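Worksheet for the structure shown next.
Small disclaimer: the values here were computed from a predicted structure and weren't measured. All heavy atoms count here, side chains included; hydrogens, waters and symmetry mates do not. In listed order, ligands and their atoms are each counted from 1.
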Amino acid sequence: MSDNSLTDHAYDGIQEFDNPLPGWWKWMFVGSIVFSVLYAMVFSMGAPGRSMVDQYDAALAANTRLQFKEIGDLSADRATILAYMQKDEWLKVGQVVFKTNCISCHGREGEGNVGPNLTDDVYKNVRDVEGIARVIAQGANKGAMPAWANRLHPNEVVLVAAYVATMRGQNLPGRAPEGNPIPPWDDGSPESQNVPTDGAAADDAGTTEETETTEDGETEGGGA
Ligand code: HEC
């Protein structure tokens, strides 16, 4: 509909043709704005579970649970953690948990920051390998080390504990050592054997179906 009619204003002698944008263009423009508002309401601010972030989290959690079917419910005992220290692909899961939740305080490689250096041979709260899982699940020092039992799957607690256990002894430069020397994780000494290692334990505890007592990773009392 462009014709040669002029608008009725002129600036410095310059005149302007009256060529408005076509109606269909304007309505698409308005329509896209309306659509974007509706879209944002549904996918970004909508009911819980509907946003893309929520859907991604749910898919991720579902995938992790799917993987966990393979190993059942791990109990946070000595034999299980020692066994998973040897399983590289599951250690990687522990590593991901660590990188996601722990490096802000313990450093990228566990060298320490706000939290203690996890690569040396001394510990403040830990006396045996299952103590690592206990500290992770329940926290320490009035929440300076947060409790993760409600935020991580019990299997994630076991796997990240196994990963943390493998960090020991590298003595990476970082936060200065704090705490007391403790026996090696699997030296067979009485201190490192709070859990009876008869039967199902040591050799293949990881793949067990008949799980032992603990379901939620924060059962047994002893120590700390
Ligand atoms: C908000 C900071 C923070 C985060 C996040 C954090 N920690 Fe800690 N962590 C600490 C502090 C502080 C301590 C030392 C507590 C104390 O003084 O007794 C600690 C202690 C520990 C200990 C015991 C060390 C020892 O010497 O006894 C372990 C094991 C540990 N954290 C593992 C983890 C893991 C695994 C994660 C991730 C799931 C994690 N932490 C996340 C701050 C944190």
For atom 33 (C) of ligand 1, the protein heavy atom that lies nearest, with its residue and separation = Met145 CE, 3.2 Å

Heavy-atom proximity to atom 2 (C) of ligand 1, best of Cys105, Ala140, Ala147, Gly131 | Cys105

Residues Asp121, Arg168: salt bridge by 4.0 Å N-O rule = yes

Proximity to ligand 1 by part of Pro146, non-hydrogen separation under 4.0 Å | side chain

Identity and distance of the protein heavy atom lying nearest atom 25 (C) of ligand 1 = Lys124 N, 3.3 Å

Closest protein heavy atom (residue, atom, distance) for atom 18 (O) of ligand 1 | Asn125 ND2, 2.9 Å

Nearest to atom 12 (C) of ligand 1 by heavy atom, Gly94, Ala144, Pro177: which?
-> Ala144

Compute both the distance and the angle, then confirm whether Lys26 meets the cation-pi test with Phe29: under 6.0 Å from the six-membered ring centre, within 45 degrees of the axis.
-> no

May I ask you to decide if Asn171's main-chain N or O and Asp120's side chain share a donor-acceptor pair within less than 3.5 Å?
-> no

Answer with side chain, backbone, both or neither: which part of Val135 has a heavy atom less than 4.0 angstrom from an atom of ligand 1?
-> side chain

If we only count N/O pairs under 3.5 Å, is Asn141 in contact with ligand 1?
-> yes

Minimal heavy-atom distance between Glu111 and Thr119, with the atoms involved, is N-CG2, 4.2 Å

Is the shortest N/O to N/O distance between His106 and ligand 1 below 3.5 Å?
-> yes

Can you find a pair of side-chain heavy atoms, one from Phe98 and one from Ile103, that are under 4.5 Å apart?
-> yes

Heavy-atom proximity to atom 28 (C) of ligand 1, picking from Val114, Leu118, Asn113, points to Leu118

Can you find a pair of side-chain heavy atoms, one from Arg127 and one from Ile182, that are under 4.5 Å apart?
-> yes

Would you say the ring centroid of Trp185 lies under 6.0 angstrom from that of Tyr123?
-> yes

Heavy-atom side-chain proximity of Thr80 to Val158 below 4.5 angstrom = yes

The atoms of ligand 1 lying under 4.0 Å from a heavy atom of Val126, numbered in the order shown, are 23 (C), 27 (O)

Show which atoms of ligand 1 fall inside a sub-4.0 Å distance from at least one heavy-atom site of Cys102.
-> 34 (C), 35 (C), 36 (C), 37 (C), 38 (C), 39 (C), 41 (C)

In terms of hydrophobic clustering (I, L, V, M, F, W, Y; side-chain heavy atoms under 4.5 Å; direct or indirect links), are Ile71 and Val96 co-clustered?
-> no

Between Tyr123 and ligand 1, find which residue part has any heavy-atom pair under 4.0 Å and reply side chain, backbone, both or neither.
-> both

For atom 13 (C) of ligand 1, find the nearest protein heavy atom and state the residue, atom name and distance (0.1 Å precision).
-> Pro116 CD, 3.2 Å

When you measure from the side chain of Trp90 to the backbone N and O of Asp88, does any donor-acceptor pair fall under 3.5 Å?
-> no

Protein heavy atom at shortest distance from atom 29 (C) of ligand 1 = Ile132 CG2, 3.8 Å

